[in-house]
Peer 1: 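Let me begin by handing over the structure; questions about it come next.
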Amino acid sequence: MTFLGSKNQREFGMSYIEFNQVSKLYGYGVNQVQALDNLSFKLEKGEFLGIMGPSGSGKSTVLNLLAQIDYLSFGKITMDGTDLRDFSDGQRAKNRQKKMGIIFQDPNLLSSLTVKENIELSLLALRVNRKDVEEKVFDIANRLNIESLLDQNVFDLSPGQQQKVSAARAIIKEPELILADEPTGSLDSKSATYLLQFLTQLNREHHSLVMVTHDPFAASYCDRIIFVKDGRLFAQINRVDSRQAFFESIVEMQATVGGGEGYDF
Ligand SMILES: Nc1ncnc2c1ncn2[C@@H]1O[C@H](COP(=O)(O)OP(=O)(O)OP(=O)(O)O)[C@@H](O)[C@H]1O
């Protein structure tokens, strides 16, 4: 994967992903909902982008389009210069399997399998050999502090533990793009910080990340935040200073756009 070195250099590179006046409509007639309305933004390779905005503003729709599990209605999305509409359904599935790690809001684990079996699934699908699979599972479990859970059934886990397993499953194949929808939503603050530091570490190792979150603390780990309201780009802010200063500007912007949870504006 091509990487453009330091974060300053990234600004001069070709955009990895471009949303160009993207609209998404669900349903028909009186039941039609416009989830996205002419939304345009770019993601550079190696960037950690946050998406924030009020409930129902279209954040998950953006992730679903990026994950190629949904189709846009109007506009254009390119990835590495290729229009996503040029991919067949088979190619879209392959892109997801090979290039992406997705941490959904709902961990969506297979309840008939153990933690270890859930985590290794994506590697087995990529035909990684058994010895490497074992090593990678233990490494990721160790890094996320869930090694003692590996032989448990997933239905015995707390929501926070399930979210970590979901993150491990998404990340283990070292995807070039990680998509995360509220990845810290069900975690206690210690685990949330741990996962965010882990995502930051992956970003330093040149993975691109897009994270949807309502939480300014989680968002402060990103390089840049786009704020979406009513399916449109409302504002964007870059991290130029300390994480604390970035957190404060995020909270300030959230007060304008709306959509914070547990913050009394
Ligand atoms: N499959 C669908 N069918 C119909 N409407 C949908 C569908 N998915 C999303 N919507 C609608 O599209 C709009 C945007 O939804 P989306 O889930 O993208 O918002 P969001 O910003 O992620 O919200 P939240 O923060 O609550 O998760 C909402 O009005 C939602 O009800």
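Each residue takes its place number in the sequence, starting with 1. One-based numbering, in listed order, for ligands and for the atoms of each.
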Peer 1: Give me the nearest non-hydrogen protein atom to atom 11 (C) of ligand 1 as residue plus atom name, then the distance to 0.1 Å.
Peer 2: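 Answer for atom 11 (C) of ligand 1: V33 CG1, 3.9 Å.
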Peer 1: How close does the nearest protein non-hydrogen atom get to atom 19 (O) of ligand 1, and which residue and atom is it?
Peer 2: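 That would be G58 N, 3.2 Å.
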Peer 1: What are the atoms of ligand 1, with element, lying closer than 4.0 Å to any heavy atom of S57?
Peer 2: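 Ligand 1 atoms under the 4.0 Å threshold to S57: 19 (O), 20 (P), 21 (O).
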Peer 1: Side chains of L150 and I146, heavy atoms from C-beta outward: is any pair under 4.5 Å?
Peer 2: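 Answer no - side chains too far apart.
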Peer 1: Quick one: look up the protein heavy atom nearest atom 26 (O) of ligand 1 and list residue, atom name and how far away it is.
Peer 2: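 Nearest neighbour among protein heavy atoms for atom 26 (O) of ligand 1, to 0.1 Å: S55 OG, 2.5 Å.
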Peer 1: Measuring from atom CZ of F246 to atom CD1 of I237, what distance do you get when rounded to the nearest 0.5 angstrom?
Peer 2: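 Those atoms lie 5.0 Å apart.
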Peer 1: Using the six-membered ring of Y26, assess whether NZ or CZ of K24 lies under 6.0 Å from its centre and within 45 degrees of the ring axis.
Peer 2: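 Positive - K24 is close enough to the ring of Y26 and near enough to its axis.
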Peer 1: Going through the distances and angles, do Q197 and Q201 end up as a side-chain hydrogen bond (donor to acceptor under 3.5 Å, both in side chains)?
Peer 2: CA-CA 6 Å; Q197 285 170 348; Q201 178 63 33; over 6 Å; no
Peer 1: Are there protein heavy-atom neighbours of atom 30 (C) of ligand 1 below 4.0 Å?
Peer 2: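 Protein heavy atom within 4.0 Å of atom 30 (C) of ligand 1: absent.
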Peer 1: Atoms of ligand 1 less than 4.0 Å from P54 heavy atoms?
Peer 2: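 Every atom of ligand 1 under 4.0 Å from some heavy atom of P54: 21 (O).
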Peer 1: Which of the numbered atoms in ligand 1 are under 4.0 angstrom from any heavy atom belonging to A35?
Peer 2: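 Heavy-atom distances to A35 below 4.0 Å select 12 (O), 13 (C), 14 (C).
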Peer 1: Output the distance between atom CD (E47) and atom CG (L209), rounded to the nearest 0.5 Å.
Peer 2: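 Those atoms lie 10.5 Å apart.
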Peer 1: Look at atom 21 (O) of ligand 1 and say which protein heavy atom is nearest, naming residue and atom and giving the distance to 0.1 Å.
Peer 2: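 Closest protein heavy atom to atom 21 (O) of ligand 1: K59 NZ, 2.8 Å.
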Peer 1: With rounding to the nearest 0.5 angstrom, report the OG to CG distance, S166 to L157.
Peer 2: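 CG of L157 is found 11.5 Å from OG of S166.
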Peer 1: As a test of understanding, state which of R169, K173, R130 forms a salt bridge (charged side-chain N to carboxylate O under 4.0 Å, His left out) with E120.
Peer 2: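 With E120 as partner, salt bridge (charged side-chain N to carboxylate O under 4.0 Å, His left out) holds for just one option, R130.
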Peer 1: With heavy atoms under 4.0 Å as the rule, classify the contact between H214 and ligand 1 as side chain, backbone, both or neither.
Peer 2: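 Only the side chain of H214 comes within reach of ligand 1.
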Peer 1: Looking only at protein heavy atoms, which one is nearest to atom 17 (O) of ligand 1, and what is the separation?
Peer 2: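 Here the closest protein heavy atom is S60 CB, 3.7 Å.
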Peer 1: Measure the spacing between CZ of F48 and CG of L43 and express it to the nearest 0.5 Å.
Peer 2: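 Going from CZ on F48 over to CG on L43, the span is 11.0 Å.
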Peer 1: Measure the distance from atom 16 (P) of ligand 1 to every protein heavy atom, then report the residue, atom name and distance (to 0.1 Å) of the closest one.
Peer 2: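 The closest one turns out to be T61 OG1, 3.7 Å.
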Peer 1: Would you mind finding which of G27, G56, G53, G185 brings a heavy atom closest to atom 20 (P) of ligand 1?
Peer 2: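 That would be G56.
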Peer 1: Students should be able to answer this: which protein heavy-atom is nearest to atom 4 (C) of ligand 1, and at what distance?
Peer 2: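 Atom 4 (C) of ligand 1 sits closest to the protein heavy atom Y26 CB, 3.4 Å.
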Peer 1: If you measure from CG on L199 to OH on Y221, what distance do you get to the nearest 0.5 Å?
Peer 2: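 Result: 10.0 Å between the selected atoms.
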